[in-house]
Amino acid sequence: MNDFAHQKYLVKNLINWNTNDNKRQMPWKGEKDPYKIWLSEIILQQTRVEQGLDYYNRFVKAFPTVIHLAGAAETKVFKLWEGLGYYTRCKNLIATAKYITNNLSGIFPDKYEDILALKGIGPYTAAAIGSFAFNLPHAVVDGNVFRVLSRYFGIAIPTDSTDGKKIFSSLANDLLDKKQPGTYNQAIMDFGALICKPKLPLCSTCVLKDRCKAFLQASVQQLPVKEKSITKKTRWFYYLVIDCNEEVYVRKRGKGDIWENLYEFILIETSEAVQLENFQPLKKILGKNKFEVEHISAFYKQLLTHQTIQGQFIRVKIKLPLTLKGYSLVKKRALEKLPFPKFISNYLKDKNVSLNLF
DNA sequence: CAATCGTGGCT
DNA sequence: TAGCCAAGATT
């Protein structure tokens with residue numbers, strides 16, 4: 001049995017499986033509007049279908065066309081994205097919507113290179129949009145594809161290496177069914193998500209098991225291979241929620257750190273845990289202003305991919321406004337309209353600690 | 001180009 | 001529990 005025959009077997013069985021056994025349904029499946037396909041693909045980057053589903057439905061409802069999205073207030077778009085993570089996706093989403101609306105007459109590009117050139121769109125997303133919306137012959141290479149191909153062909157090259165990405169991408173494009181690229185791309189991703197799963201793959205019922213190298217060699221659990229390990233750092237965020245005559249100090253987080261473009265209260269970051277009683281930085285910010293500590297929150301903790309954020313919130317009431325560089329006062333009611341990271345929205349929604357905030 | 005960007009589900 | 005992983009892209 002040569003490589004070519006193995007490839008044909010894989011493609012044929014994937015397509016058959018998709019036709020006969022794939023019951024997976026998603027609102028964007030079969031969608032032909034490139035705008036909606038684009039929206040779904042951006043939302044689904046590094047995001048589970050179940051997590052992105054509601055966001056997709058809310059976005060389509062709020063912004064039925066790219067022109068609606070381009071014309072929306074940016075804070076409103078970020079608020080709709082709130083909680084989904086990887087917020088530069090939202091920033092690029094807005095930029096691309098404006099670009100398409102203003103420079104392309106609202107018409108989504110239909111050439112692969114033009115799609116790839118859009119902000120927030122890389123090789124995967126360009127192939128997905130291209131194949132689903134315009135029948136362009138480009139293979140998607142996502143986590144599912146890495147897994148299915150590495151196992152079926154028994155390839156132990158790390159998928160997170162430069163070489164690995166090239167080799168798997170090349171292989172995926174060799175395999176691609178050029179007559180039905182969209183169907184094939186959908187099939188292999190659904191197959192990876194439903195059958196060839198990371199932890200508990202359904203090998204016993206798999207239509208590829210007779211020729212799956214990993215299955216035959218009992219190396220399914222060892223594939224795919226990744227070479228990089230992540231290092232995690234811990235940071236302490238102490239937030240001062242300063243209420244001055246029913247207004248609160250907030251700022252928008254800037255570049256070069258987590259949660260860019262989301263809002264936060266007055267941040268005092270430390271490298272160690274601290275006691276908020278007699279906390280010097282707090283006294284320094286408040287100066288000689290009279291203040292009243294209304295509440296000190298419980299500890300909050302959030303796990304991110306590369307860091308662990310821990311901290312507390314201290315709510316303080318003052319009468320005279322402060323001059324704080326970078327921060328501005330907003331009415332308490334207006335906080336509802338601002339996008340916050342989970343670390344903060346978890347605090348805000350906790351009725352026990354922020355009852356008087358709104 | 002290796003590091004970084006969130007959040008949540010699962011084992 | 002701590003770690004892995006999820007329809008990746010950017011710098």
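Hydrogens, waters and symmetry mates are skipped; everything else that's a heavy atom, side chains included, is used. Numbers restart at 1 for each chain; the letters A, B, ... are given by sequence-line order, proteins then strands.
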Check each residue of residues 140-160 of chain A for a non-hydrogen atom within less than 4.0 Å of any atom in DNA chain C, then write out the ones that pass by number, or none.
A:D142, A:G143, A:N144, A:R147

Quick one, A:F340 with A:F265, criterion ring-ring contact (aromatic ring centres under 6.0 Å, His included). Give me CA distance, side-chain angles, the key distance, then yes/no.
CA-CA 10 Å; A:F340 290 101; A:F265 301 112; 5.7 Å; yes

If only atom types and distance count, is the side chain of A:W81 paired as donor or acceptor with the main-chain N or O of A:G85 below 3.5 Å?
yes

Which residue pairs satisfy the salt bridge (charged side-chain N to carboxylate O under 4.0 Å, His left out) criterion with at least one member in residues 6-25 of chain A, sequence neighbours excluded?
A:R24-A:D190

Hydrophobic cluster mates of A:V225, side-chain heavy atoms under 4.5 angstrom, ILVMFWY only, any path?
A:L223

Does any pair with a residue in residues 149-171 of chain A pass side-chain hydrogen bond (donor to acceptor under 3.5 Å, both in side chains), and if so which ones, sequence neighbours excluded?
none

Looking at DNA chain C, which of residues 116-138 of chain A put a heavy atom within less than 4.0 Å of it?
A:K119, A:G120, A:I121, A:G122, A:P123, A:Y124, A:T125

Listed pairs under 3.5 Å, donor-acceptor, residues 321-330 of chain A side chains, sequence neighbours left out:
| unit_1 | atom_1 | unit_2 | atom_2 | d |
| --- | --- | --- | --- | --- |
| A:Y327 | OH | A:R251 | NE | 3.3 |
| A:Y327 | OH | A:R251 | NH1 | 3.4 |
| A:Y327 | OH | A:L267 | N | 3.0 |

Hydrophobic cluster partners of A:F4 (side-chain heavy atoms under 4.5 Å)
none

Only pairs at least two apart or in different chains count here, so list each salt bridge (charged side-chain N to carboxylate O under 4.0 Å, His left out) that has a residue in residues 102-123 of chain A.
none

Considering only distance and modelled atom types, tabulate donor-acceptor pairs under 3.5 Å from the side chains of residues 122-144 of chain A, sequence neighbours left out.
| unit_1 | atom_1 | unit_2 | atom_2 | d |
| --- | --- | --- | --- | --- |
| A:Y124 | OH | A:E41 | OE1 | 2.7 |
| A:T125 | OG1 | A:Q45 | NE2 | 2.9 |
| A:S131 | OG | A:A127 | O | 2.8 |
| A:S131 | OG | A:A128 | O | 3.2 |
| A:S131 | OG | A:N185 | ND2 | 3.0 |
| A:D142 | OD1 | A:N144 | N | 3.2 |
| A:D142 | OD1 | A:V145 | N | 2.9 |
| A:D142 | OD2 | A:N144 | ND2 | 2.9 |
| A:N144 | OD1 | A:R147 | NH2 | 2.8 |
| A:N144 | OD1 | A:A193 | N | 3.3 |

For residues 61-73 of chain A, which side-chain N or O atoms pair as donor and acceptor with protein atoms under 3.5 Å away, sequence neighbours left out?
| unit_1 | atom_1 | unit_2 | atom_2 | d |
| --- | --- | --- | --- | --- |
| A:T65 | OG1 | A:I67 | N | 3.3 |
| A:T65 | OG1 | A:H68 | N | 3.2 |
| A:T65 | OG1 | A:H68 | ND1 | 2.6 |
| A:H68 | ND1 | A:T65 | N | 3.4 |

Under a 4.0 Å N-O cut-off, is there an ion pair linking A:E260 with A:K255?
yes

Are the charged groups of A:E247 and A:K331 less than 4.0 angstrom apart, N to O?
yes

Taking for each residue the nucleotide of DNA chain C with the nearest heavy atom, is it A:E41 or A:K91 whose nucleotide lies nearer the 5' end?
A:E41

I need a per-nucleotide contact map over nucleotides 5-11 of chain B, read 5' to 3'. Cutoff is protein heavy atoms under 4.0 Å; write B for the base, S for backbone only, - otherwise.
BBBBB-S

Euclidean distance, A:K290 NZ relative to A:I318 CD1, rounded to 0.5 Å
13.5 Å

With sugar-phosphate meaning primed atoms plus P, OP1 and OP2, does A:W28 contact a base, only sugar-phosphate, or nothing at under 4.0 Å between heavy atoms?
base

Contact list for DNA chain C against residues 179-187 of chain A - heavy-atom distance below 4.0 Å:
A:Q186

